[in-house]
Amino acid sequence: MQKVWGATELEYAFLFTVRKVNSINLEGFKPFFNDMPIDPYIKGNYRSRRLSRFTITEDKLIKLPHGHLFQSKSYNPLVGDIKREFAELDDALIELDIFKNLVLAFTDSCKLHPEAEIGVHQIRTTCSPDNLGNPAPEGIHQDGTDFIGIFSVARDNILGGETHLYTAKKEKPIFNKILYPGELLLVNDHEFFHFTTPIKPEMPAPGTRDVFVLTSPSLLIE
């Protein structure tokens, strides 16, 4: 467990909260979700993904060396115990002030220690009239980290994609909400399981759901 301001355990910590990040102009993110690499670890070719890791030093974003995402099967029964490799976030995206503002919104809200490592996943889930898109193919789960942030960038021609939080896998959700563009859901991963329902098109055309998922620690290894 990593350090937080004034504590070595999660004594202070929120359970979950939703906030609107007003300092971010979402239009600046949208071009970077086009032509993303397909996630090769999920069948169906409906999910695209990039991943990088950072620290914050004196309000400066420091990009860390390339790493591999690793979760045990106890947290991710679908692709656990596999070293997964994803393309890094686009350098031009990382240089945007709005991207720095997003990472700072996450670190400030979680009161992370200055040396804490943050993983930033850029994810597009697609659907079509013939195929659903599944933002959480592993089902109801925890990530095996301390804190999770889910930031909604865009919802285009979709129904569904509702995020749920649970105190236990077999219980009913204690929170359920569609995250609309600009909303950031912050979750204490030690306390809750999470899930997002599949998406389908609202009109008979392709649909997309674009999000950034931030975690600390990053769960990346060399």
Side-chain angles (χ1 to χ4, degrees), residues 16 18-22 24-52 69 76-79 82 84-90 92-93 96 98-99 102 119-143 148-166 169 171-187 192-215:
F16 65 89
V18 179
R19 57 174 293 196
K20 185 74 178 287
V21 186
N22 295 315
I24 292 177
N25 178 1
L26 298 173
E27 291 301 317
F29 284 142
K30 291 181 180 179
F32 294 96
F33 281 85
N34 298 323
D35 300 320
M36 287 176 59
I38 292 293
D39 183 339
Y41 303 96
I42 301 297
K43 294 180 180 179
N45 293 336
Y46 62 82
R47 186 160 81 176
S48 304
R49 190 169 189 167
R50 291 180 180 270
L51 170 61
S52 294
L69 180 62
N76 192 327
L78 185 63
V79 288
I82 298 171
R84 289 180 283 164
E85 185 169 16
F86 298 100
E88 296 280 337
L89 273 60
D90 193 301
L93 168 64
L96 296 176
I98 54 173
F99 181 77
L102 172 60
V120 182
H121 305 247
Q122 182 186 10
I123 301 172
R124 164 168 281 188
T125 307
T126 62
C127 60
S128 70
D130 298 322
N131 293 289
L132 297 177
N134 193 350
E138 63 270 66
I140 299 169
H141 66 286
Q142 291 171 300
D143 284 352
I148 301 167
I150 304 172
F151 180 72
S152 176
V153 174
R155 292 172 54 89
D156 182 27
N157 187 40
I158 62 170
L159 299 171
E162 183 176 83
T163 298
H164 295 179
L165 298 179
Y166 307 79
K169 283 188 176 182
E171 299 291 334
K172 292 182 179 179
I174 53 91
F175 170 90
N176 52 282
K177 185 183 187 308
I178 289 175
L179 297 178
Y180 290 101
E183 291 184 327
L184 173 63
L185 171 65
L186 298 151
V187 182
F192 296 101
F193 295 83
H194 60 277
F195 176 69
T196 299
T197 62
I199 59 172
K200 64 180 181 180
E202 184 173 16
M203 303 294 289
T208 56
R209 177 180 183 264
D210 295 339
V211 300
F212 288 107
V213 176
L214 301 93
T215 68

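Not measured: the values here are computed from a predicted model. Quick note: residue numbers are just sequence positions, from 1.
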Run the numbers on Thr196 and Thr163 for side-chain hydrogen bond (donor to acceptor under 3.5 Å, both in side chains), then give the verdict.
CA-CA 4 Å; Thr196 299; Thr163 298; 3.1 Å; yes
Verify side chain to side chain contact (heavy atoms under 4.5 Å, CB included) between Phe192 and Ile148, making sure each step is shown before the conclusion.
CA-CA 10 Å; Phe192 296 101; Ile148 301 167; over 6 Å; no
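Contacts of Lys30 classified as side-chain hydrogen bond (donor to acceptor under 3.5 Å, both in side chains), with partners at least two apart in sequence or in another chain: Glu27. Here His121 pairs with nothing under the ring-ring contact (aromatic ring centres under 6.0 Å, His included) rule; sequence neighbours left out. Qualifying side-chain hydrogen bond (donor to acceptor under 3.5 Å, both in side chains) partners for Arg155, counting only residues two or more places apart in sequence or in other chains: none. In terms of the side chain to side chain contact (heavy atoms under 4.5 Å, CB included) criterion, residue partners of Glu162 (sequence neighbours excluded) are, by chain and number, His164, Asn176, Ile178, Thr197. Glu171 pairs by the side-chain hydrogen bond (donor to acceptor under 3.5 Å, both in side chains) definition with nothing, not counting sequence neighbours. Every residue two or more places apart in sequence or in another chain that forms a ring-ring contact (aromatic ring centres under 6.0 Å, His included) with Phe29 is listed here: Phe212. Here Lys177 pairs with Glu183 under the side-chain hydrogen bond (donor to acceptor under 3.5 Å, both in side chains) rule; sequence neighbours left out.
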Return all side-chain donor-acceptor pairs below 3.5 angstrom for residues 31-41, not counting sequence neighbours, or 'none' if the list is empty.
residue	atom	partner	partner atom	Å
Asn34	OD1	Arg124	NH1	3.4
Asp39	OD1	Tyr41	N	2.9
Asp39	OD2	Arg47	NE	3.2
Asp39	OD2	Arg47	NH2	3.1
Tyr41	OH	Glu85	N	2.8

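Pro206 and Pro129 get closest at one heavy-atom pair: N-CD, 4.4 Å. Nearest heavy atom pair, residue Lys20 against residue Gly182, reads CD-O, 3.4 Å. The shortest non-hydrogen separation linking Pro181 to Val153 is CB-O, 3.5 Å. Closest of all the heavy-atom pairs between Gly149 and Leu186 is CA-CD2, 4.3 Å. The minimum heavy-atom distance between Leu165 and Phe16, with the atom names listed, is CD1-CG, 3.5 Å. Nearest approach of Thr126 to Ile199, heavy atoms of both residues: C-CD1, 4.2 Å.
To the nearest 0.5 angstrom, Leu89 atom CG is 4.0 Å from Ser52 atom OG. Distance CD1/Ile158 to OG1/Thr208: 7.0 Å, rounded to 0.5 Å. Phe151 contributes atom CZ, which lies 14.0 Å from atom CD1 of Ile123 (distance to the nearest 0.5 angstrom). In this structure, the separation between CG on Asp210 and CG on Asp156 is 8.5 Å, given to the nearest 0.5 Å. Atoms CG and CG, from Leu159 and Leu132 in turn, are 11.0 Å apart once rounded to the nearest 0.5 Å. Expressed to the nearest 0.5 Å, how far CG of Leu185 lies from CG of Leu214 amounts to 11.5 Å.
Checking side-chain atoms of Thr125 against main-chain N and O of Gly133 turns up no donor-acceptor pair under 3.5 Å. His194 contributes no side-chain N or O that, together with a main-chain N or O of Gln142, makes up a donor-acceptor pair within less than 3.5 Å.
Gln122 places a side-chain heavy atom less than 4.5 Å from the side chain of Leu93. In this structure, Asn157 and Pro201 have side chains that are in contact, with non-hydrogen atoms separated by less than 4.5 Å. Two residues are said to be in side-chain contact when any heavy atoms from C-beta on lie closer than 4.5 Å; Asn131 and Tyr46 fail this criterion.
Within the structure, salt bridge (charged side-chain N to carboxylate O under 4.0 Å, His left out) contacts touching residues 193-208 (residues at least two apart or in different chains) do not occur.
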